[in-house]
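Letters go in sequence order (proteins before strands), and every chain restarts at 1.
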Number of protein chains: 2
Amino acid sequence: MVIKPSLTERQNQVYEFLRSYIRDHQKPPTMAEIGNALSIRSTNAVFKFVVALEKKGYLTRTPRVSRGIALTQAGDQLSFTRPPPLLPIIRAARSDQPEQLRHHPTGALHVDARLLGPTDADVCLVTVAGDDGMSEQGIRMGDFLIVEETNQEQLFSGELVAAVIGERIMARSFDFSRNRLHLQPSARGYAAESFPPDSPGCHIIGRVLGVMRKL
Amino acid sequence: MVIKPSLTERQNQVYEFLRSYIRDHQKPPTMAEIGNALSIRSTNAVFKFVVALEKKGYLTRTPRVSRGIALTQAGDQLSFTRPPPLLPIIRAARSDQPEQLRHHPTGALHVDARLLGPTDADVCLVTVAGDDGMSEQGIRMGDFLIVEETNQEQLFSGELVAAVIGERIMARSFDFSRNRLHLQPSARGYAAESFPPDSPGCHIIGRVLGVMRKL
DNA sequence: CGCTATGGTGAATATGAATTCACCATAGCG
DNA sequence: CGCTATGGTGAATTCATATTCACCATAGCG
């Protein structure tokens with residue numbers, strides 16, 4: 001078991017116990033329960049561990065409240081406690097009618113928040129329709145792309161983006177230069193495409209945060 | 001708001017409050033907190049609601065334990081889609097000690113049941129440690145593989161499997177012929193490996209059901 | 001050596017919280 | 001009408017839990 005930075009062996013044990021207890025019971029343990037698990041007879045010793053972990057930022061307490069312990073983000077609780085968001089799967093639409101995209105989801109999948117990372121934007125899933133020339137990026141036909149919906153101004157050159165080109169959704173490497181939008185596939189044999197800003201033939205959905213595939 | 005079978009309006013309100021409180025606080029509320037939210041001044045009234053909900057199977061209590069309420073699966077299924085399973089992320093272990101694998105998860109991620117498909121076996125996640133020669137399959141370094149834990153007899157030739165070879169976990173195409181186990185990478189330049197059955201140098205974790213990647 | 005951090009025991013204390021008791025109001029029903 | 005289920009008040013009681021106090025042992029360090 002990896003010991004977290006600045007935690008002693010024993011503090012780490014307490015921390016790991018908190019994680020497993022919360023996962024199993026859907027609520028934090030009491031001081032006595034912690035002590036019981038780690039063979040500490042005095043709740044005082046446990047209390048001091050909890051305070052130490054709080055000081056180091058691994059948890060927060062609500063004083064004088066039973067089971068008042070909550071693990072912090074730093075301590076990595078999001079993934080196993082909060083139910084993961086349900087992301088809509090959007091289907092292709094014509095690039096000159098991008099508003100249509102969000103209104104006709106074909107389904108939805110739960111995606112763990114840790115695959116999303118910190119983002120305030122809406123996130124959706126798009127399916128890769130065909131072999132779209134991104135095999136070098138490990139993207140294949142049928143994959144789901146996790147897409148953070150951003151507008152063009154928030155993107156950096158070289159980022160992987162999902163875009164509607166014509167009536168197809170594809171993944172492309174993004175580049176904006178010489179006042180034109182360049183969308184490049186990763187594989188040879190596929191043509192890069194280039195559009196003027198606000199071209200009706202091309203609509204950027206957003207940044208690709210991840211990929212999911214069912215075999 | 002849809003009222004669940006056999007719940008009164010008020011009982012339903014209590015139940016919905018429990019759900020939202022647990023979602024927001026990662027722990028169940030106290031009687032007083034419930035009463036507070038629903039403008040019930042007497043904890044006794046709240047207590048009677050909780051007992052009623054317990055009797056109807058919407059929750060279970062741990063008597064005389066603070067925050068001893070736990071919502072049941074039954075109540076969950078009626079009210080919202082089941083939270084996706086939380087799969088442990090297992091780390092490399094030596095192939096001659098495969099039992100060790102499950103006992104030291106390094107974390108866990110929620111994975112939508114639709115990516116898993118129908119399976120009764122245990123499913124876990126493994127991380128792809130390095131470029132392991134499966135780029136033709138769209139598998140890259142750092143990817144999570146969704147692995148259905150199966151033993152060798154249940155596998156078919158040509159299936160993609162995850163295996164512990166030496167101390168590394170890798171994805172390989174599975175083939176059993178001439179009384180030997182053949183594990184082939186997809187890319188040229190990587191050697192296929194071949195083992196006798198039950199070789200201590202190789203342990204099959206199971207069939208790869210899917211892939212997840214965070215960029 | 002004295003000083004400090006860590007990890008502990010055991011008991012006392014105060015507050016949090018579940019549970020019980022007594023009693024009330026309203027609505028539906030045979 | 002009397003009966004029962006539901007929903008409620010307020011206070012008392014008892015157990016659970018957090019927090020504090022006093023004191024101890026060990027190891028590393030200047």
Side-chain angles (χ1 to χ4, degrees), chain A residues 1 3-18 21-22 24-72 75, chain B residues 1-18 20-22 24-72 75:
Chain A
M1 185 156 321
I3 299 187
K4 280 87 205 156
S6 80
L7 287 193
T8 66
E9 172 66 28
R10 203 68 169 133
Q11 288 169 350
N12 189 60
Q13 286 172 20
V14 172
Y15 181 72
E16 287 301 327
F17 171 73
L18 289 174
Y21 186 99
I22 292 171
D24 295 345
H25 297 82
Q26 305 297 310
K27 68 180 170 237
T30 62
M31 300 298 156
E33 285 165 342
I34 299 171
N36 209 277
L38 300 186
S39 303
I40 301 173
R41 249 159 295 190
S42 170
T43 60
N44 177 36
V46 175
F47 183 69
K48 285 197 279 187
F49 279 124
V50 169
V51 170
L53 285 171
E54 184 187 25
K55 205 167 298 175
K56 292 182 178 180
Y58 284 82
L59 54 82
T60 57
R61 284 188 322 119
T62 313
R64 276 175 304 290
V65 161
S66 75
R67 302 172 194 275
I69 293 172
L71 298 186
T72 59
Chain B
M1 187 170 310
V2 186
I3 298 187
K4 282 90 207 154
S6 80
L7 287 194
T8 67
E9 173 66 27
R10 204 68 170 134
Q11 288 170 349
N12 188 60
Q13 286 173 18
V14 172
Y15 182 72
E16 287 301 327
F17 171 73
L18 288 174
S20 69
Y21 186 98
I22 291 172
D24 295 345
H25 296 82
Q26 310 298 310
K27 67 179 169 240
T30 63
M31 300 297 155
E33 285 165 342
I34 299 170
N36 209 275
L38 299 186
S39 302
I40 301 172
R41 250 160 295 193
S42 171
T43 60
N44 178 36
V46 175
F47 183 69
K48 286 196 279 187
F49 279 124
V50 170
V51 170
L53 285 171
E54 184 188 24
K55 205 166 297 173
K56 292 182 179 179
Y58 284 82
L59 55 82
T60 57
R61 285 189 321 119
T62 314
R64 274 175 306 292
V65 161
S66 74
R67 303 174 192 276
I69 294 172
L71 297 186
T72 58

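A:A32 is linked by a side-chain contact (heavy atoms from CB on, under 4.5 Å) to A:T30, A:T43, counting only residues two or more places apart in sequence or in another chain. Applying the side-chain hydrogen bond (donor to acceptor under 3.5 Å, both in side chains) criterion to B:R41, with sequence neighbours excluded, gives no partner residue. By the side-chain hydrogen bond (donor to acceptor under 3.5 Å, both in side chains) test, B:R64 is found to be paired with no residue, residues two or more places apart in sequence or in another chain being considered.
Contact annotation: the side chain of B:T62 never approaches that of A:H25 to less than 4.5 Å [non-hydrogen atoms, C-beta and beyond]. Using a 4.5 Å heavy-atom threshold, the side chains of A:I34 and A:L18 count as touching. Contact annotation: the side chain of A:R67 never approaches that of A:I22 to less than 4.5 Å [non-hydrogen atoms, C-beta and beyond]. Between B:Y15 and B:L71, the closest side-chain pair of non-hydrogen atoms falls below 4.5 Å.
Rounded to whole Å, atom C1' of C:dT6 lies 12 Å from atom NZ of A:K55. Remark: C1' of C:dT6 and CD1 of A:I40 are 12 Å apart, rounded to the nearest angstrom. Distance, A:N36 CG to D:dT17 P: 12 Å, rounded to whole Å. Distance CZ (B:F49) to P (D:dA5): 15 Å, rounded to an integer number of Å. In this structure, CZ of A:R41 is placed 20 Å from P of D:dT17, rounded to the nearest angstrom.
Nearest to the side chain of B:T8, among D:dG7, C:dG7, C:dG10, sits D:dG7. Between C:dG7, D:dG10, C:dT9, one nucleotide has an atom nearer to the side chain of A:Q11 than all others, and that is C:dG7.
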Protein within reach of the bases, or only the backbone? For nucleotides 17-30 of chain C, mark each nucleotide 5' to 3' as B, S or -, using heavy atoms under 4.0 Å.
SSBBBB--------
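For DNA chain D, each stem of at least three Watson-Crick or G-U pairs (distances under 3.5 Å) is given as range with range: C:1-30 with D:1-30.
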Let me check something: any side-chain donor-acceptor pairs from residues 44-55 of chain A under 3.5 Å, sequence neighbours excluded? List them with distances.
{"from": "A:E54", "atom 1": "OE1", "to": "A:R61", "atom 2": "NE", "distance (Å)": "3.2"}

